[in-house]
Amino acid sequence: MSRGPGGLTKLLLDAPAAQGAIYLHGAHVAHWQPNGHTPVLWMSRQSNYAEDKPIRGGVPICFPWFGPNLQDSKAPAHGLARLHAWKLSAVARTSSQGIACELTADLAPFQLTYRVEFDQVLRLSLTTRLSSSHDRPARYEDALHTYFAVSDVRNITIEGLQSVDYIDKVDQAKKKTATGEAIQITSETDRVYLNTTHACRLLDPGQHRTILVEKTGSRSTIVWNPWIDKSAKMPDFGDDEWPEMVCIETANVGDHAIELQPGGAHKTMP
Ligand code: BG6
């Protein structure tokens, strides 16, 4: 454990297969570098590091709502988990020369367990349990909001969503039908792909790298790049940083929110 910027507690993990870093603030994975590769996750140089603000980049956890809270406009965007002080419950080497850690958070009536395995593959798994003493079922949304480092977002391709309908958040949240084409980012992009369990492939010829994003327990995928104007409006995102990143988020949002019975649990895994 060490103190990172803003005094936030940071866990640095180093194993033969990979290096990683995770903040207890938000259980925020901030670094993953499989041996022999450049870092896979993108972090903003303008990120806040403070207990009352989310970290920009890496893998924020959105929970128990995604985006603005529709019942309470003062509640933080993307929920409470990314602002919560998580507890570290375990760290252990894996059989494949990687290193894993587990963090927990009590966000009543839910209990969260997050397992992160830094290896040649980054394995994330977010388990949500509804307390058995809760008197009724409860619903939540979640997203593992992964920011990938790319050579230039204008030259990447994302495959796997060409047959999937989506909500276009940059066009008045209209529902749009599948384009039939792999995704190329040519302007601000903020799409919630609906009812998809498909894996995505992120092709980055500039880095000679293809990233496979597989998932289970997730029926929505969000693809986001803020492009020029939106970047300029975000204080914790550099004006010139938008070409360096793309988010492919493993999620359960909107109609695909998860409903748990008291004592029930669900696992979301990209
Ligand atoms: C994406 C949303 O998941 O996150 C976007 O679809 C949002 O609408 C983006 O702008 C970043 O959100 P935030 O709260 O981290 O600035």
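Every number for a ligand or one of its atoms is a count from 1 in the order of the listing. Because only heavy atoms are used, hydrogens play no part in the values below, and waters and symmetry mates are left out as well, while side chains stay in.
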Check residues 97-113 and write down every donor-acceptor pair under 3.5 Å in which the side-chain atom is one partner and the other belongs to a residue at least two apart or another chain.
from   : atom 1 : to    : atom 2 : distance (Å)
Glu102 : OE2    : Ser89 : OG     : 3.3

(message) Are the side chains of Leu144 and Lys215 in contact, using a 4.5 Å heavy-atom criterion?
(response) no
(request) For Trp42, check ring-ring contact (aromatic ring centres under 6.0 Å, His included) against everything at least two apart and list the hits. (result) Tyr147, Phe237
(message) At less than 4.0 angstrom from any atom of ligand 1, which residues have a non-hydrogen atom? List them by chain and residue number.
(response) Arg56, Phe66, Ala77, His78, Arg82, His145, Lys169, Asp190, Ile222, Trp224, Lys230, Glu249
What side-chain donor-acceptor pairs closer than 3.5 Å can you find for residues 16-34, not counting sequence neighbours?
from  : atom 1 : to     : atom 2 : distance (Å)
His25 : NE2    : Ala50  : O      : 3.1
His25 : NE2    : Lys53  : O      : 2.7
His28 : NE2    : Gly57  : O      : 2.7
Trp32 : NE1    : Asp119 : O      : 2.8
Gln33 : NE2    : His37  : O      : 2.8

(message) Within the structure provided, determine whether Leu161 and Arg191 are in side-chain contact (heavy-atom separation under 4.5 Å).
(response) no
(request) Inspect the contact between Arg45 and Glu244 and indicate whether a charged nitrogen and a carboxylate oxygen are less than 4.0 angstrom apart. (result) yes
